[in-house]
Amino acid sequence: MQKLGVNDKEFVKEVTPRSEDFSQWYLDLVLKTELMDYAPVKGCMAIRPYGYAIWENMQRLLDKRIKATGHKNAYFPLFIPESLLQKEAEHVEGFAPEVAMVTHGGNEKLAERLVVRPTSEAIICSMYAKWIQSWRDLPVLINQWCNVVRWEKNTRPFLRTSEFLWQEGHTVHSTDEEAEEETLKMLGVYKDFVENELAVPVISGLKTEKEKFAGALRTYSIEALMADGKALQAGTSHNLGQHFAKVFDIQFLDKDKQLKFAWQTSWGVSTRLIGAVIMVHGDDRGLRLPPQIAPIQVMVVPIITKKKKEEVLDRARNLLSDFGDTLRIEMDDREEYSPGWKFNEWEMKGVPLRLEVGPRDLEQGGVSAVRRDTGEKMFIADGELPLLLPSLLVDIQENLFRQARDFREKNTSRVDSYDQLKETIQEKRGFVRAFWCGEGRCEEEIKNETKATIRCIPFPEGDQETGLCCFCGKQHSKMVYFARAY
RNA sequence: CGGGGCGUAGCGCAGUUUGGCAGCGCACUUGGUUUGGGACCAAGGGGUCGCCGGUUCAAAUCCGGCCGCCCCGACCA
């Protein structure tokens, strides 16, 4: 391999530069790269093939992990009788403002309104109550991939849509300890998946009472930092305790002949992760997709000229047949577009690696390659391709993660006073580490004034440091992460 | 739900102030010449001007009502 420098030419401006207007950049990008399009109903989007392919790759990689930890997939109904949703007090209070209701079937008014699921605890628990009698029926480890609907006031493609796709795991256990273990195990699965497949580094920890899931005993989350300095909750795992078991009557006869309420968990990640990938890795030229989830990992652009057309196309086709079994490799041999147009197009669409095959490359017995993550150009001799292509993709994947982690480190601040907290959130954004006493009142006032929320209380590393609450000054406060969030 | 912006060809827009043939760029179709960082020439196709009503000889344009989308807030994966 011969390095040929870095491509730093300015690209054609179809997308608002990220530095100029992050929000507009994001919207331009998701539309221009054909990830999605707006649908006729507010907050609803069509996920186009290129966007859906990313989701399919995410599904495949996460589903494998979910199954490897002993879970099985199932499917539960879209409609939930209103009375079921209302059983758990906190749950209904949290979700009632944003549920869509079906009131009619055909022309007839329904006897009971049906909620279009905003999440499936209620319907699943009503089924679990029928399926669980004995300790021998436990644990129940079920996941489902589906759509849910939440009537949001403010929507944004992928980050917050009225309908979105996700997976939700719902498990039932015989003890508190086992449920807690499951909750943490799945949070760990999410962290592993998001960091290794999406190349997005995350902080994991416990949510505060105020931020926890409606109906949960405890919520844990993984939190990522976007390139504009705002945080995004990338996944949640809830220990539901016995809250739902008690109202849905999920009881089992234990080994000690006692009738007991079961312990439950639920956990989910959604198509929001596509938004995270865009906002963490994207740049002024467009998307930068991690190879693990990129619909196209390698795009071959044949440089077609009048004289050498067939030779060039033959070589390009050979590349597809040589590597088509091991890589997601495609060729853009459209003759109505110039090579330059294609370079920009596939860079905007975030394809990790581009191979150019032209008359010059044929003469030299190799291909030109350009990395999307660095813009680096190189010449690769034909014989080196089988080893270099996979290793370049690994390298790109790791580099994207490293860049994102470095960005997060640079944008994580440690503050000791409330004034510093306010100033940092205002000026620098990013994650801000500060001590917090655990009081909802402090949390609330900080949020009202700074718009920053406690993203999570991180898991203690070694001897946990404590200090004075940055707001009220109380001793033995814990270190938490603050940030403005999506 | 509050504040702001916008609805005219697939996309981006002009035209609305001062009523008078519905336009421009890109995209699309056909033919030709091209092709190593968004090629060029020529000829074409495409419209319920968001919807309903009113004023008028005449409405994209004026008036009234409604609907939708986007952005910023408050609420949320």
Side-chain angles (χ1 to χ4, degrees), chain A residues 4 7-15 21-24 26-28 31-32 34 37-45 93-99 118-119 148-168 190 207 210-214 219 221-224 231-238 266-276 285 301-309 312 332-348 354-363 367-368 370 375 377 379 447-448 451 453 485-486:
Chain A
L4 300 172
N7 165 38
D8 53 3
K9 292 191 185 74
E10 198 174 318
F11 77 124
V12 176
K13 290 168 187 147
E14 270 208 342
V15 174
D21 183 343
F22 193 87
S23 184
Q24 196 57 51
Y26 179 83
L27 288 165
D28 285 353
L31 287 164
K32 293 269 163 55
E34 299 182 347
D37 198 3
Y38 291 107
V41 178
K42 175 182 158 58
C44 289
M45 62 175 182
E93 193 191 325
F95 282 102
E98 56 184 43
V99 293
T119 180
V148 288
V149 169
R150 298 183 187 176
W151 218 254
E152 300 285 355
K153 307 259 189 248
N154 210 357
T155 58
R156 254 170 182 297
F158 295 111
L159 298 178
R160 179 165 296 106
T161 45
S162 301
E163 178 189 9
F164 57 94
L165 306 183
W166 77 346
Q167 61 65 220
E168 48 180 330
Y190 286 157
K207 282 289 192 187
K210 199 172 129 41
E211 300 277 331
K212 76 174 187 190
F213 175 75
T219 291
S221 76
I222 52 172
E223 301 283 331
L232 183 78
Q233 181 170 298
T236 47
S237 186
H238 316 292
S266 70
W267 27 272
V269 301
S270 72
T271 36
R272 167 179 266 197
L273 287 177
I274 296 172
R285 306 171 82 91
V301 179
I303 310 297
I304 300 165
T305 56
K306 214 170 177 181
K307 299 137 259 176
K308 295 279 187 178
K309 181 173 169 180
V312 163
D332 186 351
D333 60 354
R334 293 176 293 179
E335 294 194 40
E336 59 271 31
Y337 293 102
S338 69
W341 189 92
K342 293 175 188 174
F343 298 163
N344 283 299
E345 177 73 6
W346 295 112
E347 277 171 10
M348 185 172 76
R354 179 174 76 244
L355 300 182
E356 301 169 19
V357 186
R360 285 207 304 264
D361 304 292
L362 287 186
E363 274 171 35
V367 300
S368 300
V370 183
K377 281 193 165 184
F379 180 80
K447 184 185 173 182
N448 289 343
K451 292 178 199 159
T453 49
Y486 275 98

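Chain identifiers are assigned alphabetically (A, B, ...) following the order of the sequence lines, protein sequences preceding nucleic acid strands; residue numbering begins at 1 within each chain.
At least one side-chain nitrogen or oxygen of A:S23 sits closer than 4.0 Å to the OP1 or OP2 atom of B:rC72. Proximity of A:R354 to the phosphate of B:rG36: no side-chain N or O atom is located under 4.0 Å from OP1 or OP2. Phosphate contact (OP1/OP2 of B:rA39, side-chain N/O of A:S338, threshold under 4.0 Å): present. Residue A:K342 places none of its side-chain N or O atoms closer than 4.0 Å to OP1 or OP2 of B:rG37.
B:rG31 and B:rC69 have their P atoms separated by 42 Å, given to the nearest Å. The gap from the C1' atom of B:rA59 to that of B:rC76 amounts to 44 Å, rounded to the nearest Å. Atom C1' of B:rC66 sits at a distance of 27 Å from the matching atom of B:rC75, rounded to the whole Å. The separation of B:rA14 from B:rG7, taken at their P atoms, amounts to 7 Å, rounded to a whole angstrom. Across B:rG73 and B:rA58, the matching P atoms stand 48 Å from one another, rounded to whole Å. As rounded to the nearest Å, B:rU18 and B:rG54 have P atoms that lie 25 Å from one another. Nucleotides B:rG20 and B:rG47 are separated by 23 Å at their P atoms, to the nearest Å. Rounded to whole Å, the C1' atom of B:rC49 lies 10 Å from the corresponding atom of B:rA9.
Minimum interatomic distance between A:W166 and A:T119 (heavy atoms only, all atoms of both residues): CH2-OG1, 3.6 Å. In terms of heavy atoms, A:E152 sits closest to A:T161 at CG-O, 4.3 Å. Nearest heavy-atom pair, A:P118 versus A:F95, reported as atom, atom and distance to 0.1 Å: CB-CD2, 3.8 Å.
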- Task: List the steps and the verdict of side-chain contact (heavy atoms from CB on, under 4.5 Å) for A:R156 and A:S23.
- Result: CA-CA 10 Å; A:R156 254 170 182 297; A:S23 184; 3.2 Å; yes

- Task: Dump the intermediate steps for side-chain contact (heavy atoms from CB on, under 4.5 Å) on A:L159 and A:L232, then the final yes or no.
- Result: CA-CA 9 Å; A:L159 298 178; A:L232 183 78; 4.1 Å; yes

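Here A:L165 contributes atom CG and A:L273 contributes atom CG; the two are 11.5 Å apart, rounded to the nearest 0.5 Å. One finds the NZ atom of A:K308 at 7.0 Å from the CG atom of A:L362 (value rounded to the nearest 0.5 Å).
Remark: B:rU18 base-pairs with no nucleotide; criterion is Watson-Crick or G-U wobble with both hydrogen-bond distances under 3.5 Å. Pair check for B:rC40 finds B:rG32; Watson-Crick or G-U wobble, both atom distances under 3.5 Å. Partner assigned to B:rG23 is B:rC13, using Watson-Crick or G-U wobble distances below 3.5 angstrom. Using N1 to N3 plus N6-O4 or O6-N4 for Watson-Crick, or N1-O2 and O6-N3 for G-U wobble, each under 3.5 Å, B:rA77 pairs with nothing. Under the Watson-Crick or G-U wobble criterion, with both distances below 3.5 Å, B:rU48 has no partner in any strand shown. When both pairing distances are held under 3.5 Å, B:rG68 makes a Watson-Crick or G-U pair with B:rC6.
Proximity note for A:V370 (side chain, C-beta onward) versus B:rG36, B:rG37, B:rA77: the nearest is B:rG37. If you check B:rC70, B:rU33, B:rG36 against the side chain of A:K306, the one that comes closest is B:rU33. Of the candidates B:rG36, B:rA77, B:rA74, B:rG36 carries the atom nearest the A:D361 side chain, counting heavy atoms from C-beta on. Nearest to the side chain of A:R150, among B:rU35, B:rC70, B:rA77, sits B:rA77. Closest approach to the A:N154 side chain among B:rA74, B:rC75, B:rG36 is made by B:rA74 (side chain taken as heavy atoms from C-beta onward). Which of B:rA77, B:rG37, B:rU35 sits closest to the side chain of A:I303 comes down to B:rU35. When distances are taken from the side chain of A:R285 to each of B:rG37, B:rA77, B:rU35, the shortest belongs to B:rG37. Among the nucleotides B:rA77, B:rG37, B:rG36, the one closest to the side chain of A:Q233 is B:rA77. When distances are taken from the side chain of A:F164 to each of B:rA77, B:rG37, B:rA74, the shortest belongs to B:rA77.
Place A:A234 and A:P157 on RNA chain B by their nearest nucleotides, and A:P157 ends up nearer the 5' end.
By the 6.0 Å and 45° rule, A:R160 does not stack over the aromatic ring of A:Y486.
Distance, A:K307 NZ to B:rU35 C1': 10 Å, rounded to whole Å. One atom, CE of A:M348, and another, P of B:rG37, lie 18 Å apart when rounded to the nearest Å. For A:I304 and B:rG36, the CD1 to P distance is 11 Å, given to the nearest whole Å. The nearest whole Å value for the distance from the CZ atom in A:R156 to the C1' atom in B:rG73 is 13 Å. Summarising the geometry, the separation between CZ on A:F343 and C1' on B:rA39 is reported as 14 Å, rounded to the nearest angstrom. Rounded to a whole Å, the CG atom of A:N344 is 15 Å from the C1' atom of B:rU35. Nucleotide B:rG36 holds its P atom 16 Å from the OH atom of A:Y337, rounded to whole Å. The interatomic distance linking A:L165 (CG) with B:rA77 (P) rounds to 17 Å, in whole Å.
Residue A:E152 is classed as a base contact, given a heavy-atom separation below 4.0 Å to a base. Using a 4.0 Å heavy-atom criterion, one finds that A:L27 contacts the sugar-phosphate atoms exclusively. Here A:P359 lies in heavy-atom contact (under 4.0 Å) with a base. When heavy atoms are screened at a 4.0 angstrom cut-off, A:Q24 is found touching no nucleic acid atom at all. Within 4.0 Å of A:E98, counting heavy atoms only, lie sugar-phosphate atoms of the nucleic acid but no base atom.
Judged by distance alone with a 3.5 Å cut-off, no donor-acceptor contact links the side chain of A:T305 to the base of B:rG36.
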